[in-house]
Amino acid sequence: MSTRAIQKAGAPGGPGHYLTNYAEARRTFSWADARLALTGRTDPTLNIAAETVGRHIAQGHGDRRAVRFIDRHWNRVDLTYAELQRRSWRFANVLRTLGIARGASVATLLGRVPELFTVALGTLEAGDVLSALFSAFGPEPLKTRLQLGHVQVLVTTEAFYRRKVAGIRDALPELRHVLLVRDDATQAMPPGTLDLAALLAEAAESYSTAPTRDEDVALLHFTSGTTGKPKGVTLPHAAVIAQHATSRMVLDLHPGETYWCTADPGWVTGIAYGLIGPLACGASLIVDREEFDPERWYRILAEERVQVWYTAPTAIRMLMKAGTALARAQQFPALRHMASVGEPLNAEAVTWGVEAFGRPFHDTWWQTETGAIMIANFAACEVLPGSMGRAIPGVEARVVRRTAAGRLEPIESADEVGEIALRPGWPSMFTGYLENPERYAAAFADGWYLAGDLARRDADGHFWFIGRTDDVIKSAGHLISPFEIESALMTHPAVAQAAVIGVPDPIAGQAVKAFIELRRGFTAGEDLRSQVLGHARRLLGAAVAPREIAFSDGLPRTRSGKIMRRLLRARELGLPEGDLSTLEGKE
Ligand code: 6R9
């Protein structure tokens, strides 16, 4: 735990850090001030779209570049803040013309394309709820989420529609409209769809922003649990206050700076820090439409003169694997701050940053439920490689244990592992799990929100990640529910029972491994393995389907017949099986 701290010099010639003295920032920070710094008002109304885009136009920065999209052929498309506003207003009008009422759910199933920004901001302008879905999902997880979210409008591409949505459309009676980004305008539209570009072209270009209140739901993100369906996490419009404040305090992002968040919009980071937070800061965003490629990424960092970069451990480890020389072949004089999120950032990855870029990666911790970064290594502070950092100003975070009397109490010693607990009261905290108040209530006890992550906390308040309290898998930064994968596997006629665990993977952190028991009459073998794997990929999408399938004669079960994933994992990893009370976890 006592990895050597990386001391840092200030950023020569760069802007001063927003947070220079941690202790003082904790003493003086208030969410009321953070709100005022964003909106300039104290009344409890605000709208994310107005605070991220409209505000800069009102302040005379409409001509500033808001986003630059880079495509496969290195063509760049730039949108100014003013253009973003015009497009989002048009989309808000499209929703009204289609008869969509305020508060309805609008989902996107899109890659990192300009239309994503139009639809996301337009939906928020209109006071509707944005749900950005992961475009690598297959039809099954999409169906579950579109149903759970009562989604009325889906915006997707023609290709995604044909491949993933057309086949489940009958199961989505609440889905009123599907709007398509067209690949080929000469082809006929699939039945039951509308052309997004045509609707935007006909729509009026001005819109009066919906007067949403702080607590009105703005965003719906799906996250995974151990059992049952995914959880629909609702975040309020006030989330922008915390996303803005942390984009400044943690990402140290200044107006006009070039910023690159590599997260996909289908996960919470891609919306909170790939769109809302940095736009609220008045930054200039880089969006790469392509998938990961080391040379491409270095070229983007160098040519675009990226100043602040927010990425993830899996990507960093892939860059490390491609070799330090590749990074060193380029110069990154503009790059002044690098941060990471989503999975444990190993100490080697932090220090590799120094080797390759002359500066460490700054780990940050948060969750869909917290809506914004909660624990972080700050730009102006020394970095302890392997530590997630300290609680942000405005948030009290501890690790807690349960006393014999059943109460939660903070642990004072770094020697003891406990669960991360946060005192509620920050503006981006989730307002509920959709239609699951019991699960929401269960996340709170004794005045704490319990995050479901295990950690140690040292005397200076640095958090060191240990693991999760549940069986949820984090692979390449994506939160994956074992239950959802098991359910999909069990729809194959040969599969009687399935159990899914995460196994260590040097790059992705964890990889998904499935164990299956066969029905009578089926024989284990390579043929069947690839059939079941193909079936899982078709239903789930390759990004979340198991990487490995093993046949099992008898999966370990509790007396009540529940599969013991923890025991399975202990056996797989060669860990002691003895203490089954801990292996069982707290399902
Ligand atoms: C933002 C995001 C949340 C879970 C979280 C934890 C893991 C996130 C981490 C980290 C170790 C970090 N996690 N950041 N683990 N170190 N710096 O990722 O949200 O998809 O909801 O996942 O991810 O387990 O509880 P989400």
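Remember, it's 1-based here, ligands and their atoms both numbered in the order they're listed. Computed from heavy atoms alone, side chains included, the values below leave out hydrogens, waters and symmetry copies. Since we're looking at a predicted model, the values are computed, not measured.
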What protein heavy atom sits nearest [atom], and how far off is it?
atom                    : value
atom 11 (C) of ligand 1 : Pro344 N, 3.2 Å
atom 3 (C) of ligand 1  : Trp366 O, 3.7 Å
atom 4 (C) of ligand 1  : Arg468 NH1, 3.6 Å

Do any N/O atoms on [X] end up under 3.5 angstrom from N/O atoms on ligand 1?
X      : answer
Thr269 : no
Glu369 : no
Gly342 : yes

Point to revise | Residues Glu343, Arg317; criterion salt bridge (Lys or Arg N to Asp or Glu O under 4.0 Å); working and verdict | key: CA-CA 12 Å; Glu343 356 148 26; Arg317 289 188 290 260; 2.9 Å; yes
Closer than 4.0 angstrom: is that true for some heavy atom of [X] and an atom of ligand 1?
X      : result
Leu345 : no
Ala451 : no
Trp267 : no

Can I get a per-line list of side-chain donor-acceptor pairs under 3.5 Å for residues 447-454, giving both atom names and the distance, sequence neighbours left out?
from   : atom 1 : to     : atom 2 : distance (Å)
Tyr449 : OH     : Gln367 : OE1    : 2.8
Asp453 : OD2    : Trp365 : NE1    : 2.8

Review point. How are the rings of Trp352 and Phe357 set to each other: parallel, tilted or perpendicular (split at 30° and 60°)?
Key: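 It falls in the perpendicular class, over 60°.
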Exercise for review: Quick one: closest heavy-atom pair of Ala543 and Phe134, and the distance?
Suggested key: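 Closest heavy-atom pair between Ala543 and Phe134: CB-CE2, 4.0 Å.
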Check your understanding: Ala380 and Leu19: which non-hydrogen atoms are nearest, and at how many Å?
Key ->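 Closest pair (atom of Ala380, atom of Leu19, distance): CB-O, 3.2 Å.
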Proximity of [X] to ligand 1 by residue part, where a heavy atom lies under 4.0 Å:
X      : answer
Phe465 : side chain
Thr368 : both
Thr364 : backbone
Lys474 : side chain
Met388 : side chain

Review point. Considering residues, nucleotides and ligands other than Lys474, do more than 12 of their heavy atoms fall under 6.0 Å from its NZ?
Key: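 Counting other residues, nucleotides and ligands, NZ of Lys474 exceeds 12 neighbours.
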Review point. Do the side-chain N and O atoms of Thr212 and Asn47 include a donor-acceptor pair separated by under 3.5 angstrom?
Key: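 Per modelled atom types, Thr212 and Asn47 side chains form a pair under 3.5 Å.
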Can I get a per-line list of side-chain donor-acceptor pairs under 3.5 Å for residues 261-269, giving both atom names and the distance, sequence neighbours left out?
from   : atom 1 : to     : atom 2 : distance (Å)
Thr262 : OG1    : Thr311 : OG1    : 2.9
Asp264 : OD1    : Gly266 : N      : 2.8
Asp264 : OD2    : Arg112 : NH1    : 3.0

Point to revise | Residue among Arg407, Arg402, Arg401 satisfying salt bridge (Lys or Arg N to Asp or Glu O under 4.0 Å) with Asp446 | key: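 Passing option: Arg407.
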